[in-house]
Amino acid sequence: MSCFRPRAARAALGLARHRRCAATFPQVNPRNGQTFHVYEAMSEDTVGQIVEKANVAFQEWRQVPAAERVAALAPLAERLRHRADEAAELMCQEMGKPLAQGKAEVMKCAYLVDWYAENGAEFLKDTEYPALPGFQKSFVTYQPLGLILSIMPWNFPMWQVVRMGVPTLMAGNGVLLKHAPNCFGSSLLCEELLKDLLPDGLFRSMILDVPQTNKVLEHPSIQGVALTGSEVAGRAVAAKAGSLLKKAVVELGGSDAYAILADCDLDMAAEAVVNARVANSGQTCIAPKRAIVEKSVKAAFEQKVVEKISRKKYGVDYGPLVHPVGRDQVAKQVVETQSQGAKLLCGGPDVKVPTSDCGKSFFPPTVLTDVRPGMTAFETEIFGPVISIIEAEDELEVIRLANQTHYGLAGAIFTSDLQKGERMAVKDIDAGMCFVNDFVRSDPSLPFGGVKSSGLGRECAAFGMLEFVNVKTICVK
């Protein structure tokens, strides 16, 4: 097979004028290490055609009234529910998610579609303002920007795509999706589910490598980019978008804290920490990486956490990590933290695999205690089911330690004093989200996103729908 790409296609995207063989993307099941499919990167000619066709579709879509755009996407909810089992099986194969969690993810996607179908048209209505002196009217209208590049991760293969894509499409934009290399099957399923609900080509899944993705971002028809992923990837994409003066929304990692105060219901707090940290095998940006506990209740909290985590079952409550490399990174972080003085209460890299289908990506739910500032588990994000328990002398130190991170995505406070908990959540915790007496989760009705190195911009709610619009002032004299 020739590696040659026509010069015209290369020029259309501003791509490097040299011959290159297409990248390939083996799809490996993390449960057994077996390759079940291989995708090949699209040719430069194909990519160019997709971008140009999407731009034509956008010119048609932007003229459709907002209420009609919102209504056009409403049937996606029932399609998602109808194929939830199929999508869950695909996610299990691609990244190891337990089937029940995969199905729940798809149902959450359907709920998001329903929610925006009910509320989206209202968010996109013009906002009236007092007319300027001498003018008949002044108002703000929300007009689409154009084509938005969506770069999505593997940990929630359907939710991340739908969370970004549905409100962005309803707002009148087109979306070109570049999914994680191990989730191209989920990417193509999303495209299939949206087919015939939109103008042809308005939403496309693109099989790309990183250099191709960079070039797509440079294309003049691309007006913005949304990325969910690592801090390194987010900084690179945001810098690239900034240099091109294109809007970027980036949702990155977190090493945020759950504050366990001495007056809280310890059983409830331990349950929330364990459930949030073990879900999705700990591969969740908003999971509690650090549990900061007042000294007087630390021992009791540790006991409850270990008891609850011991009941978690492989294949039901958690699965393998996405890749042996990820597993080895988590193991390295745990071992390093132990060598720095932390204690291992349960789990760790030496635990025997529970079943023969765990493959090389298995890592058990793990609890470290006596973690302190400067240790690996305190300073870095561990993307696996590892709970780090940190002791604090009092409430003031709990807050100081919670904020002693360059991340700021999501935190929680556990206390029996609701007024105190709310006050601390509002004033003291440096994060984009903070819950009181429960674990943090995303919901279509509330803005989702972080501060500091956890990202820029917001998804969900009206805030997410309006990220990729032209907030346009109109005055009529």
Side-chain angles (χ1 to χ4, degrees), residues 28-34 91-102 154-155 182 255 258 269-285 287-291 293 298-372 375-391 439:
V28 179
N29 187 330
R31 291 177 175 268
N32 54 31
Q34 295 180 1
M91 285 188 273
C92 178
Q93 191 176 36
E94 288 180 329
M95 52 75 63
K97 192 186 297 286
L99 288 172
Q101 292 182 25
W154 48 261
N155 57 339
N182 60 317
S255 186
Y258 280 19
E271 186 79 14
V273 169
V274 169
N275 288 341
R277 194 65 180 111
V278 172
N280 211 42
S281 304
Q283 300 167 125
T284 309
C285 55
K289 293 2 182 250
R290 299 175 298 142
V293 189
K298 175 173 172 280
F301 179 76
E302 288 172 347
Q303 182 179 357
K304 290 180 180 295
V305 166
V306 171
E307 288 174 354
K308 293 177 186 300
I309 214 166
S310 67
R311 302 187 194 120
K312 299 301 179 182
K313 302 298 182 184
Y314 177 81
V316 179
D317 301 301
Y318 67 100
L321 299 192
V322 70
H323 192 276
V325 173
R327 183 265 174 204
D328 291 346
Q329 173 64 15
V330 171
K332 178 183 177 184
Q333 290 170 299
V334 169
V335 171
E336 280 183 356
T337 304
Q338 286 181 263
S339 71
Q340 294 158 349
K343 297 177 183 177
L344 183 70
L345 294 182
C346 65
D350 296 329
V351 170
K352 185 178 179 180
V353 297
T355 66
S356 59
D357 71 340
C358 288
K360 297 180 179 179
S361 297
F362 170 77
F363 198 89
T366 296
V367 180
L368 291 166
T369 192
D370 295 341
V371 175
R372 300 186 303 275
M375 292 183 178
T376 299
F378 190 98
E379 302 295 340
T380 65
E381 179 181 28
I382 299 181
F383 220 56
V386 179
I387 297 171
S388 298
I389 298 177
I390 297 112
E391 179 181 292
F439 64 85

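These figures come from a predicted structure and were not determined experimentally.
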Any donor-acceptor pair under 3.5 Å from [X] side chain to [Y] backbone:
X	Y	answer
Arg277	Gly282	yes
Gln333	Thr376	no
Ser281	Gly319	yes
Glu271	Val305	no
Gln283	Asn280	yes

[atom1]/[X] to [atom2]/[Y] distance, rounded to the nearest 0.5 angstrom?
X	Y	atom1	atom2	answer
Asn155	Thr284	CG	OG1	6.0 Å
Glu336	Met375	CD	CE	12.0 Å
Asp370	Thr337	CG	OG1	12.0 Å
Ser310	Leu345	OG	CG	12.0 Å
Ile309	Thr366	CD1	OG1	7.0 Å
Lys97	Arg31	NZ	CZ	11.0 Å

Legend entry - Any side-chain donor near an acceptor of the partner, Thr369 and Glu302, under 3.5 Å: yes
Nearest heavy-atom pair of [X] and [Y]: which atoms, and what distance?
X	Y	value
Pro30	Gly96	CG-N, 3.5 Å
Met95	Val322	CB-CG2, 3.8 Å
Gly315	Pro98	O-CB, 3.7 Å
Ala279	Gln101	C-OE1, 4.1 Å
Ile390	Val371	CG1-O, 3.3 Å
Val330	Phe383	CG2-O, 3.6 Å

Inset, instruction - Evaluate side-chain contact (heavy atoms from CB on, under 4.5 Å) for Thr355 paired with Tyr314, printing each intermediate quantity in order. - result: CA-CA 8 Å; Thr355 66; Tyr314 177 81; 3.7 Å; yes
Legend entry - Test item: Val351 and Phe363 side chains (from C-beta on) under 4.5 Å apart, heavy atoms: no
Legend entry - Test item: Leu368 and Ile387 side chains (from C-beta on) under 4.5 Å apart, heavy atoms: no
Inset, instruction - With Arg290 as the cation and Tyr258 as the aromatic partner, state whether NZ or CZ is under 6.0 Å from the six-membered ring centre and within 45° of the axis. - result: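 No - Arg290 does not lie over the ring of Tyr258 by the 6.0 Å and 45° rule.
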Legend entry - Residues which pass side-chain hydrogen bond (donor to acceptor under 3.5 Å, both in side chains) with Asp317, listed by chain and number, not counting sequence neighbours: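 Result, side-chain hydrogen bond (donor to acceptor under 3.5 Å, both in side chains) vs Asp317: none returned.
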Inset, instruction - Report, as yes or no, whether the 6.0 Å neighbourhood of atom NZ on Lys312 holds more than 12 heavy atoms from other residues, nucleotides or ligands. - result: yes
